[in-house]
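Have a look at the structure below before the remarks.
Every chain is numbered from 1 and lettered A, B, ... according to where its sequence line falls, protein lines coming before strand lines.
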Number of protein chains: 2
Amino acid sequence: MAEDRRTRRSRRVLGAALVELVLERGFTALTVEDITERADVARATFYAHFRDKEDLFACVTADLLAELSERLAPAVADSAIGFTGKPVLEMLRHAREERDLYRIVLRGEGDGKPLQMFVDACARATAEEFRARAERNAVQPRIDPELLARVWVGEQIAVLRWWVEQDTPTLPAEEVVRMLLDLALHGRYWASGFESLA
Amino acid sequence: MAEDRRTRRSRRVLGAALVELVLERGFTALTVEDITERADVARATFYAHFRDKEDLFACVTADLLAELSERLAPAVADSAIGFTGKPVLEMLRHAREERDLYRIVLRGEGDGKPLQMFVDACARATAEEFRARAERNAVQPRIDPELLARVWVGEQIAVLRWWVEQDTPTLPAEEVVRMLLDLALHGRYWASGFESLA
DNA sequence: AAGTTATTGAACAACCTGTCTGAAACTGAG
DNA sequence: CTCAGTTTCAGACAGGTTGTTCAATAACTT
């Protein structure tokens, strides 16, 4: 009824093989045959499921994104008013579990398309949110909402990338969120010990 | 004495062709023949100058980076103490002049390698600077300097990318710098009209 | 157990790569 | 202007990758 067990397996092992190999050699260096070999699957099987490398990668990242959205939903609902840091925390937890894939995506593998799409979508949504809040509070924002959204999303992505790329035991997710919150509230000068300059 | 006029021409037109084509079709979709055709140069000539596509791209971006460093030097010297925004402003001006190339690099074309290398180099240098400042002022920073550097660099890159991707007459560079300065000093909540929450 | 569906290995043309020719065109120094 | 030294050029080459197709085999679902 659902889906043939074989197709599930094929798609799964192919995705896993892709992730492994991208981490080892980088996306562009890979051959479809490299992937099928690692997955222990015939090359013809690959083309039965995906148009090409890019397609496979797109599917894998789409799955990841869907999973993230699901996990983010309750956290976002909680922080509808103001910034609680809950969504960021949840994203960090998700990244810790799916570290390999996050690394790949955040490195901009595959032409950076998956990453850019994600970033642009986040930025658009955030900008919209900022505009709505400003209007609700009847404030003329000092900062272009579009720019503010880019700053906000850009810094989160940058920190996320840095965090998942760390090999040595890294800062706990809760600490990262605390620092981001701190920065959002007080700005950078204060954070780096330069109150005197402000 | 210097360099053969022909080699200069070949390298120049090949670089220009690459930029044009990447903007039109994306880096990975390109063929060496596509490039030589657009540049009106024989395919063999390409290989007389570059190992492959990646090599050409690396050369083009290296030139851009060298140009940027040169222009940034005086601005950086001026703002050795504190954050004046001068380097950012100079970078924005440079980006306005070399908009096509900036777009390509910031999109993460070519495996995102040129971009990631630039970002990582900036982040390392910035983190070092933050650490040095903290030590000089004998302050225990509330925020991990490494994380702070990622935030700082990440937001600039994000804004830069957004800025060069704009089609419609965009925010003037001076305004962008003012807003970034504002954010660095006061944080985001205040900037978006949420003082009440802080 | 039977019918359906997926996998397999092989073969295929089309394309791209990177290298190598020898001939022709160009350049810069004298 | 001449001439030796480079660079460009068109074409050919083997090697590898791509995406498609096919019939035989294996695995799955009901």
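Taking atom CD of residue Glu37(B) and atom C1' of nucleotide dC9(D), one finds them 15 Å apart after rounding to whole Å. Here the C1' atom of nucleotide dG19(D) and the CG atom of Asp55(A) are 13 Å apart, to the nearest Å. Rounded to a whole Å, the CZ atom of Phe46(B) is 9 Å from the P atom of dT17(C). dT30(D) atom P lies 13 Å from atom CD of Glu3(A), rounded to whole Å. In this structure, Leu14(A) places its CG atom 9 Å from P of dT7(C), rounding to the nearest Å. Taking atom CG on Asp52(A) and atom C1' on dA14(C), their separation rounds to 16 Å, with Å as the unit. dA6(C) atom C1' lies 16 Å from atom CG of Asp40(A), rounded to whole Å. Atoms NZ (Lys53(A)) and P (dG19(D)) sit 9 Å apart, rounded to a whole Å.
Salt-bridge formation is not detected for the pair Arg150(A)/Asp144(A): no Lys NZ or Arg NE/NH1/NH2 atom is positioned less than 4.0 Å from an Asp or Glu carboxylate oxygen. With respect to Arg93(B) and Glu174(B), a salt bridge is recorded, a charged nitrogen being found less than 4.0 Å from a carboxylate O. Arg71(A) and Glu97(A) are joined by a salt bridge, as a carboxylate oxygen and a charged side-chain nitrogen come within less than 4.0 angstrom of each other. Remark: Arg133(A) engages Glu129(A) in a salt bridge, criterion side-chain N to carboxylate O under 4.0 Å. Salt bridge absent: Asp34(B) and Lys53(B) never bring a charged side-chain N and a carboxylate O closer than 4.0 Å.
In this structure, Arg5(B) and Tyr47(B) both approach DNA chain C, and ranking their closest nucleotides by distance from the 5' end singles out Tyr47(B).
Contact record, Phe57(A) with Glu109(A): CE2-O, 3.4 Å, taken as the closest heavy-atom pair.
Thr45(A) comes within contact range of at least one nucleobase, with a heavy-atom separation under 4.0 Å.
For Arg6(A) against dC28(D), no side-chain N or O and base N or O form a donor-acceptor pair under 3.5 Å.
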Any protein N or O atoms within reach of nucleotides 12-17 of chain D? Criterion: under 3.5 Å, listing atom names and distances.
none

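At least one side-chain nitrogen or oxygen of His49(B) sits closer than 4.0 Å to the OP1 or OP2 atom of dT8(D). One finds a side-chain N or O of Ser10(B) lying less than 4.0 angstrom from the OP1 or OP2 phosphate oxygen of dT8(D).
In this structure, of dT27(C), dT5(C), dT7(C), it is dT5(C) that holds the atom nearest to the side chain of Asp4(A).
Glu128(B) meets the side chain to side chain contact (heavy atoms under 4.5 Å, CB included) test with Arg131(B); sequence neighbours excluded.
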